[in-house]
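We're numbering straight along the sequence, starting at 1.
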Amino acid sequence: MASQLPPGPCQLDEGCDCTDDADCGGGTAKCVSCKCMDCPVSAATSSAVINPPLTFLIDTTKSVKPDKDSIFNLTQRVVDRIQETNTSIPSYLLVTFNDRGNDILENVEVREATDDVIRFKQEIIGLEFESYNGGRDSKERLMHGLLMAVQESPEKSLIVVFTDNGSKNLRLKTEIMRIKEEKNQEIYIVLTPIYEGYPNDKSLQVYDEVAEVFFINEVGADQFLGKVEEFEEKNCI
């Protein structure tokens, strides 16, 4: 009878190649969500897996104000979920963008990176949403913000963008893509429930080229949260 035979070796699920770090041959390789991955920072600092850094890039123009609660709620739920699952994220970075004119340094503010998730949440809640002289048209400066975000975020970061409209400065796509690929970063763009851009606007095409785009009223907050959680849990640094 088969039930009387000794147990065989542990069978890996389809697509998996490890059950623990020992299956990955040592060195800087670690078993992350049943896949062997090169995790030099994790291997050098502790036996635990350290997950990718997280950057939030948030549109603070006045048009976002009606949607600010949805942004606050979603960002807080992302961070709360990270805390609940004890996901080990080494640094958080908050970047904001507005539309004051043509100067990228006037339009974008990069906050100091922190490893304190509570401080990160407080910085987000403290954001104010106002428009300036450059904001007399509908489009914003997301591409300015995204360029600074990829420049300032560490390698392998997850960069999550929140906006309600299309963007100027679409020509920056090439440089953003170059840095993103060089630093092995992932970008998600979340469009608020009241998206003010046009379906045939070239901005959406560019957004699709540089990032994975979520219309939050279509995919839902829970599906998006699951996407962030899956990325963090299945990657390491």
Side-chain angles (χ1 to χ4, degrees), residues 30 32 39-61 64 67-98 100 104-130 141-163 176 179-180 182-190 192 211-212 214 221 224-237:
K30 282 188 167 291
V32 183
C39 309
V41 175
S42 301
T45 57
S46 72
S47 59
V49 170
I50 301 177
N51 304 100
L54 179 63
T55 295
F56 281 171
L57 172 62
I58 299 179
D59 180 348
T60 58
T61 55
V64 179
D67 271 336
K68 72 174 184 178
D69 287 341
S70 67
I71 290 178
F72 286 160
N73 291 338
L74 187 54
T75 54
Q76 298 306 295
R77 286 185 66 188
V78 169
V79 177
D80 287 345
R81 186 62 183 156
I82 288 169
Q83 289 181 281
E84 290 168 6
T85 56
N86 293 316
T87 304
S88 180
I89 295 179
S91 69
Y92 301 89
L93 179 65
L94 176 61
V95 183
T96 62
F97 67 93
N98 209 288
R100 292 174 171 85
I104 188 172
L105 296 179
E106 289 186 357
N107 292 325
V108 183
E109 180 182 2
V110 180
R111 304 291 182 94
E112 183 180 5
T114 179
D115 61 359
D116 185 345
V117 68
I118 303 301
R119 175 182 164 187
F120 186 57
K121 292 170 66 173
Q122 291 172 339
E123 285 186 336
I124 296 168
I125 289 295
L127 291 177
E128 296 182 356
F129 297 82
E130 296 294 341
R141 302 279 182 176
L142 182 150
M143 300 300 280
H144 270 178
L146 189 52
L147 177 59
M148 293 285 281
V150 296
Q151 288 174 338
E152 298 297 326
S153 297
E155 291 186 1
K156 295 189 176 182
S157 290
L158 173 60
I159 300 170
V160 184
V161 187
F162 299 88
T163 190
I176 290 169
I179 298 172
K180 172 192 173 184
E182 182 179 277
K183 298 175 79 171
N184 196 21
Q185 297 167 333
E186 183 73 17
I187 302 172
Y188 296 159
I189 294 179
V190 180
T192 61
E212 186 169 354
F214 299 84
F224 173 72
L225 287 170
K227 187 74 175 180
V228 173
E229 183 178 357
E230 180 182 16
F231 177 85
E232 288 291 346
E233 289 183 351
K234 290 188 175 182
N235 290 277
C236 65
I237 62 172

Say you draw a straight line from NZ of Lys30 to CD1 of Ile50; how long is it, rounded to the nearest 0.5 Å?
9.0 Å

Can you tell me how far CG of Leu54 sits from CG of Leu93, rounded to the nearest 0.5 angstrom?
9.0 Å

Whether the Thr60 and Asn98 side chains hold a donor-acceptor pair (N or O, under 3.5 Å, no angle test) is what I'd like checked.
yes

Those residues at least two apart in sequence (or on a different chain) that pass salt bridge (charged side-chain N to carboxylate O under 4.0 Å, His left out) with Glu230 are Lys234

Atom of Cys236, atom of Ser42 and distance for their closest heavy-atom approach:
CB-OG, 4.2 Å

Any salt bridge linking Arg119 with Glu112? Criterion: basic side-chain nitrogen under 4.0 Å from a carboxylate oxygen.
yes

Run the ring-centre check on Phe56 versus Tyr92 and record whether the distance is less than 6.0 Å.
no

By salt bridge (charged side-chain N to carboxylate O under 4.0 Å, His left out), which residues pair with Lys183, not counting sequence neighbours?
none

So, taking the atom named CD1 in Ile58 and the one named CG in Leu142, what distance separates them when rounded to the nearest 0.5 Å?
12.0 Å

Applying salt bridge (Lys or Arg N to Asp or Glu O under 4.0 Å), run through Arg111 and Glu109 and close with a yes or a no.
CA-CA 6 Å; Arg111 304 291 182 94; Glu109 180 182 2; 3.0 Å; yes

Taking Thr114 for its side chain and Asp116 for its backbone only, find out whether a donor-acceptor pair lies under 3.5 Å.
yes

Hey, is the main chain of Val150 close enough, under 3.5 Å, to the side chain of Ser153 for a donor-acceptor pair?
no

Give every residue pair that meets the salt bridge (Lys or Arg N to Asp or Glu O under 4.0 Å) criterion with at least one member in residues 81-91, sequence neighbours excluded.
Arg81-Glu84, Arg81-Glu229

How many angstroms lie between CD1 in Ile187 and CD1 in Ile159, if you round to the nearest 0.5 Å?
5.0 Å

For Arg77, what residues pass the salt bridge (charged side-chain N to carboxylate O under 4.0 Å, His left out) criterion, not counting sequence neighbours?
Asp222

Which residue is it: Asn235, Asn51, Val228? I am looking for the one with a side chain to side chain contact (heavy atoms under 4.5 Å, CB included) to Leu158.
Val228

Apply the side chain to side chain contact (heavy atoms under 4.5 Å, CB included) test between Ile237 and each candidate in Cys39, Ser88, Pro40, Pro53; give the one that qualifies.
Pro53

Drop me the distance from His144's NE2 to Leu57's CG, to the nearest 0.5 angstrom.
12.5 Å

Quick check for you: to the nearest 0.5 Å, what is the distance between Leu127 atom CG and Ile71 atom CD1?
9.0 Å

By salt bridge (charged side-chain N to carboxylate O under 4.0 Å, His left out), Lys121 pairs with (sequence neighbours left out) Asp80

Is a side-chain donor-acceptor pair under 3.5 Å present for Asp59 with Thr61?
yes

Would you name the heavy atoms of Val78 and Phe224 that are closest together and state the gap between them?
CG2-CE2, 4.1 Å

Please list, chain by chain and in numerical order, all residues satisfying side-chain contact (heavy atoms from CB on, under 4.5 Å) with Glu212, sequence neighbours excluded.
Glu186, Tyr188, Phe214, Lys227

